[in-house]
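Numbers here simply count residues along the sequence, with the first being 1. Source: prediction; values computed, not measured.
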Amino acid sequence: MDKKTSLILGSLFILTSGLIFTIERLTAYVYWSAQIHTGTWDTIPQTMPLSDNLFTGLFFLVGIALIILSFKKSN
(Lines give C-alpha, C1' and ligand atoms only; values in the text may rest on other atoms or scores of the structure.)
Protein backbone atom coordinates (compact mmCIF):
# COMPACT_ATOMS: atom_id res chain seq x y z
CA MET A 1 0.00 0.00 0.00
CA ASP A 2 1.55 3.27 -1.02
CA LYS A 3 1.44 6.61 0.75
CA LYS A 4 -1.50 8.06 -1.16
CA THR A 5 -3.67 4.97 -0.73
CA SER A 6 -3.18 4.78 3.02
CA LEU A 7 -3.90 8.50 3.36
CA ILE A 8 -7.15 8.15 1.41
CA LEU A 9 -8.17 5.04 3.35
CA GLY A 10 -7.40 6.75 6.66
CA SER A 11 -9.51 9.72 5.69
CA LEU A 12 -12.38 7.45 4.63
CA PHE A 13 -12.26 5.54 7.91
CA ILE A 14 -12.42 8.79 9.89
CA LEU A 15 -15.28 10.09 7.75
CA THR A 16 -17.16 6.81 8.18
CA SER A 17 -16.69 7.01 11.93
CA GLY A 18 -18.13 10.51 11.97
CA LEU A 19 -21.03 9.46 9.75
CA ILE A 20 -21.95 6.56 12.05
CA PHE A 21 -21.81 8.85 15.10
CA THR A 22 -23.94 11.48 13.35
CA ILE A 23 -26.56 8.95 12.30
CA GLU A 24 -26.78 7.65 15.88
CA ARG A 25 -27.35 11.13 17.25
CA LEU A 26 -29.86 11.93 14.52
CA THR A 27 -31.90 8.82 15.32
CA ALA A 28 -31.87 9.75 19.03
CA TYR A 29 -33.23 13.21 18.24
CA VAL A 30 -35.87 11.84 15.86
CA TYR A 31 -37.00 9.35 18.51
CA TRP A 32 -37.10 12.15 21.10
CA SER A 33 -39.11 14.31 18.72
CA ALA A 34 -41.60 11.47 18.21
CA GLN A 35 -41.95 11.12 21.99
CA ILE A 36 -42.81 14.81 22.30
CA HIS A 37 -45.92 14.26 20.21
CA THR A 38 -47.11 11.43 22.51
CA GLY A 39 -46.95 13.64 25.60
CA THR A 40 -44.28 11.73 27.54
CA TRP A 41 -40.71 12.78 26.96
CA ASP A 42 -37.49 13.60 28.74
CA THR A 43 -36.22 17.16 28.86
CA ILE A 44 -33.18 16.18 26.81
CA PRO A 45 -32.81 13.33 24.31
CA GLN A 46 -31.05 10.15 25.43
CA THR A 47 -27.94 10.13 23.25
CA MET A 48 -25.25 7.49 23.41
CA PRO A 49 -21.73 8.49 24.36
CA LEU A 50 -18.96 8.01 21.83
CA SER A 51 -17.56 5.01 23.65
CA ASP A 52 -20.77 2.92 23.45
CA ASN A 53 -20.46 2.04 19.76
CA LEU A 54 -17.52 -0.24 19.03
CA PHE A 55 -17.36 0.57 15.32
CA THR A 56 -17.18 4.35 15.77
CA GLY A 57 -14.09 4.15 17.95
CA LEU A 58 -12.56 1.32 15.93
CA PHE A 59 -12.95 3.11 12.59
CA PHE A 60 -11.54 6.30 14.10
CA LEU A 61 -8.47 4.53 15.49
CA VAL A 62 -7.84 2.65 12.23
CA GLY A 63 -8.14 5.92 10.32
CA ILE A 64 -5.67 7.68 12.59
CA ALA A 65 -3.25 4.75 12.32
CA LEU A 66 -3.45 4.76 8.52
CA ILE A 67 -2.86 8.51 8.33
CA ILE A 68 0.15 8.26 10.65
CA LEU A 69 1.43 5.35 8.57
CA SER A 70 1.07 7.40 5.38
CA PHE A 71 3.11 10.27 6.81
CA LYS A 72 5.88 7.91 7.95
CA LYS A 73 6.26 6.39 4.48
CA SER A 74 8.72 7.95 2.10
CA ASN A 75 8.09 8.40 -1.61
Side-chain angles (χ1 to χ4, degrees):
M1 187 177 342
D2 61 339
K3 182 176 182 174
K4 188 176 180 180
T5 305
S6 63
L7 184 63
I8 290 171
L9 282 175
S11 300
L12 285 176
F13 269 101
I14 290 175
L15 286 173
T16 304
S17 171
L19 182 67
I20 292 171
F21 182 70
T22 302
I23 289 172
E24 281 183 349
R25 293 198 47 106
L26 182 65
T27 56
Y29 278 104
V30 167
Y31 179 70
W32 179 66
S33 176
Q35 284 181 336
I36 288 175
H37 295 297
T38 64
T40 59
W41 70 90
D42 295 334
T43 55
I44 57 171
Q46 296 293 325
T47 57
M48 294 174 53
L50 184 61
S51 62
D52 276 356
N53 189 344
L54 174 71
F55 291 108
T56 303
L58 183 68
F59 283 3
F60 185 73
L61 290 176
V62 169
I64 293 295
L66 284 171
I67 288 177
I68 290 172
L69 183 70
S70 73
F71 284 126
K72 287 188 176 183
K73 289 184 179 181
S74 61
N75 289 334

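Atoms CD1 and NZ, on I67 and K72 in that order, are 13.5 Å from each other to the nearest 0.5 Å. Note that CZ of F59 is 5.0 Å distant from CD1 of I20, once rounded to the nearest 0.5 Å. Rounded to the nearest 0.5 Å, atoms CG (L58) and OG1 (T16) are 11.5 Å apart. For the atom pair OG1 (T56) and CG (L61), the distance works out to 11.0 Å, reported to the nearest 0.5 Å. Atom CD1 in I8 sits 8.5 Å away from atom CG in D2 (nearest 0.5 Å).
A donor-acceptor contact shorter than 3.5 Å is absent between the side chain of S33 and the backbone of Y29. A donor-acceptor pair is defined here as one N or O able to donate and one able to accept, closer than 3.5 Å; such a pair exists between the side chain of T27 and the backbone of I23.
Linking ILVMFWY residues whenever their side-chain heavy atoms come closer than 4.5 Å, directly or via other members, leaves V30 and L19 in distinct clusters. F55 and F13 fall within a single hydrophobic cluster, where Ile, Leu, Val, Met, Phe, Trp and Tyr are joined by side-chain heavy atoms under 4.5 Å apart, directly or via other members. Under a hydrophobic-cluster definition in which Ile, Leu, Val, Met, Phe, Trp and Tyr are linked whenever side-chain heavy atoms come within less than 4.5 Å, directly or via other members, I14 and I68 are assigned to the same cluster.
S70 and L7 make their closest contact through OG-CD1, 3.5 Å (heavy atoms, listed as atom of the first residue, atom of the second, distance).
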